[in-house]
A.B. asks: 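What follows is a structure written as structure tokens; I'll ask about it next.
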Amino acid sequence: NEEAKMFFTTSDLIQRMNESVAEVSSGDSAPGTGFELRRQMPDGSTRRADAADTAVADLQSKIKQTAAVLSELTSEEKMEWAREQRMEGNRLFAKGKYHEAMDIYITCLVAMDKLKSRSGNESGATRHGSNDESEVTSFSEDIVRDIQLPVLLNLALCALKLGMLRKAESFCDFALQTELGKSSSKAYFRRGRARMLMGSYVAARTDLEKASELLTSSDDGSKDSEGVEKKTVRKELQKLERLEIQAKKHEVMQKKAMKRVWSSSRDTTDDIGGVDSEMNQEKPGVSESAAMTESDASSDYIDGKTALIGQSRSQNTGLYSDRREQRLFSTLRASTKKEKSGEDAVLHDGQSYLQWYLSLFERCLRKTLRVLGDEEGASLGRHDKD
């Protein structure tokens, strides 16, 4: 293609070498053999270069070839060469080849750097009297107007097309650092668009409003390109306004969600604390029964059990303060009858929660007495119950 005729890149060199090897071996070489580009790692090892590494190597070769070509040209020839490169980049951009267009635009910046260094030397010579200082100043302005500013803006546009938002913002920053760039509506517009796509809505609004202000102040009554640019900026501001509204809604929703999370967390903590307090209220009766002597263990235990049962009938005890919200012990099987309220909530074997709890404690107490060797005390309460 046209770009291959203009530059001979690293990829072209490797391809040419592999084709030469294939011709010499006449098809006898094993598949996968040949030359390839490899990247050296910090530890000294190498790995096969990916597409990004290959693109960087090709760009470096283009810059080196550009510098070699420019070193043999005069200032006017360098200026003309840079203009031609810019037009070539525009043709590639029109074809949708944004990566290739960016490489061409960068070579224009190399030419601009060479031209600026030349103009700097000539401006130094004016102090010794031979050159016209006004011509040097005009030549520098031509470099910025015809090469630097348009190329930087085109690089920003290519970066936006490729989704390289940070690079697009950086190119616009470089453009705005020039004297002509400070009054460029395109520089502010493209940086504002890049910032909007990155989510920096406040900075994006500042840039877009600045672009609209510059277009309005430079309005000379024409309805051609500036009219289109004004409409574009207006649409972008409307899009930004919708994004800001949507972002505020999302922020409100996130705050509500966080409040629900924290409130549910506090409710769970309060429920656990309530269960612990109810369990602790029942422990004094248990500890008193456990501390009884062997002689009166049976009678006092039965009296304590009767007192606790009577207390449960006058108060709502159990795991839940509201008996109507009390769940069945097993929820694996749906109940065929409606759950009754109050004292009708029972376990699957007919016992209430408190009765089941006390019978469990009674079995533990009997087991403890049996382990201690008091068979008479362990069977005393059972005979009385019978």
Side-chain angles (χ1 to χ4, degrees), residues 1-12 51-71 73 75-119 139-195 197 211 225 229:
N1 50 25
E2 295 180 0
E3 188 190 356
K5 296 178 182 179
M6 190 178 303
F7 296 104
F8 189 74
T9 63
T10 304
S11 299
D12 297 330
D53 297 329
T54 304
V56 170
D58 291 343
L59 178 59
Q60 290 175 350
S61 62
K62 292 176 183 179
I63 292 175
K64 289 179 181 180
Q65 294 174 39
T66 300
V69 170
L70 294 173
S71 62
L73 301 179
S75 297
E76 291 75 11
E77 291 173 342
K78 289 176 183 177
M79 194 75 162
E80 186 62 27
W81 185 89
R83 290 193 181 99
E84 292 177 359
Q85 288 292 96
R86 177 190 165 193
M87 297 305 297
E88 176 64 22
N90 292 344
R91 284 192 290 269
L92 290 171
F93 181 87
K95 294 179 181 178
K97 298 180 179 180
Y98 304 122
H99 281 290
E100 294 82 353
M102 288 183 73
D103 291 348
I104 297 297
Y105 289 139
I106 290 175
T107 61
C108 293
L109 295 179
V110 175
M112 179 209 68
D113 185 62
K114 296 290 184 180
L115 286 169
K116 277 195 168 183
S117 62
R118 177 65 179 273
S119 63
F139 185 71
S140 300
E141 292 178 354
D142 291 342
I143 295 173
V144 176
R145 184 183 63 253
D146 297 340
I147 300 177
Q148 185 179 16
L149 183 58
V151 165
L152 286 172
L153 294 177
N154 290 343
L155 282 169
L157 185 56
C158 289
L160 282 172
K161 293 289 186 179
L162 295 172
M164 302 177 182
L165 303 180
R166 290 291 182 188
K167 287 187 177 181
E169 184 183 19
S170 298
F171 287 133
C172 292
D173 290 338
F174 292 139
L176 291 170
Q177 290 174 4
T178 63
E179 290 298 326
L180 294 176
K182 294 177 182 178
S183 59
S184 173
S185 59
K186 289 184 178 179
Y188 284 104
F189 172 75
R190 290 174 186 175
R191 189 174 71 172
R193 192 165 191 275
R195 288 177 171 177
L197 294 175
S225 61
E229 291 177 357

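Note that the structure is a prediction, hence the values are computed from the model and not measured.
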A.B. asks: Donor-acceptor pair, D58 side chain versus T10 backbone, under 3.5 Å?
C.D. replies: yes

A.B. asks: For the residue pair F93 and C158, what are the closest heavy atoms and their distance?
C.D. replies: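 That closest heavy-atom pairing would be CD1-SG, 3.5 Å.
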
A.B. asks: Within the side chain of R195, is there an N or O that forms a donor-acceptor pair under 3.5 Å with the backbone of R190?
C.D. replies: no

A.B. asks: So which atom in G181 and which in A187 form the shortest heavy-atom distance, rounded to 0.1 Å?
C.D. replies: O-CB, 4.3 Å

A.B. asks: Does E88 reach the main-chain N or O of I104 with its side chain, forming a donor-acceptor pair under 3.5 Å?
C.D. replies: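 Side chain of E88 to backbone of I104: no pair is present.
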
A.B. asks: side-chain contact (heavy atoms from CB on, under 4.5 Å) for L155 and L109? Distances and angles first, verdict last.
C.D. replies: CA-CA 11 Å; L155 282 169; L109 295 179; 3.7 Å; yes

A.B. asks: Tell me whether Y105 contacts the main-chain N or O of N90 through its side chain, where contact means a donor paired with an acceptor under 3.5 Å.
C.D. replies: yes

A.B. asks: So does P150 get a backbone contact from the side chain of N154, meaning a donor-acceptor N/O pair under 3.5 Å?
C.D. replies: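 Checked: pair present.
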
A.B. asks: What closest approach, in Å, do H99 and M164 show between heavy atoms, and which atom pair accounts for it?
C.D. replies: CE1-CE, 3.6 Å

A.B. asks: Please find the pair of heavy atoms, one from F189 and one from A211, that lie closest to each other, and give the distance.
C.D. replies: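 Residues F189 and A211, closest heavy atoms: N-CB, 3.9 Å.
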
A.B. asks: If you measure from CD1 on I147 to CZ on R86, what distance do you get to the nearest 0.5 Å?
C.D. replies: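 So the CD1 of I147 and the CZ of R86 are separated by 9.0 Å.
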
A.B. asks: Which heavy atom in K62 sits nearest to a heavy atom in F7, and how many Å separate them?
C.D. replies: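 Where K62 meets F7 most closely, the heavy atoms are O-CE2, 3.6 Å.
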
A.B. asks: Please test D173 against S170 for side-chain hydrogen bond (donor to acceptor under 3.5 Å, both in side chains), starting from the C-alpha separation and ending with a verdict.
C.D. replies: CA-CA 5 Å; D173 290 338; S170 298; 5.1 Å; no

A.B. asks: Is the number of heavy atoms from other residues, nucleotides or ligands within 6.0 Å of CZ (F174) greater than 12?
C.D. replies: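 No, CZ of F174 has 12 or fewer neighbouring heavy atoms, counting only those of other groups under 6.0 Å.
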
A.B. asks: Check whether any side-chain N or O of D12 sits under 3.5 Å from a backbone N or O of T9 as a donor-acceptor pair, and report yes or no.
C.D. replies: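 Present.
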
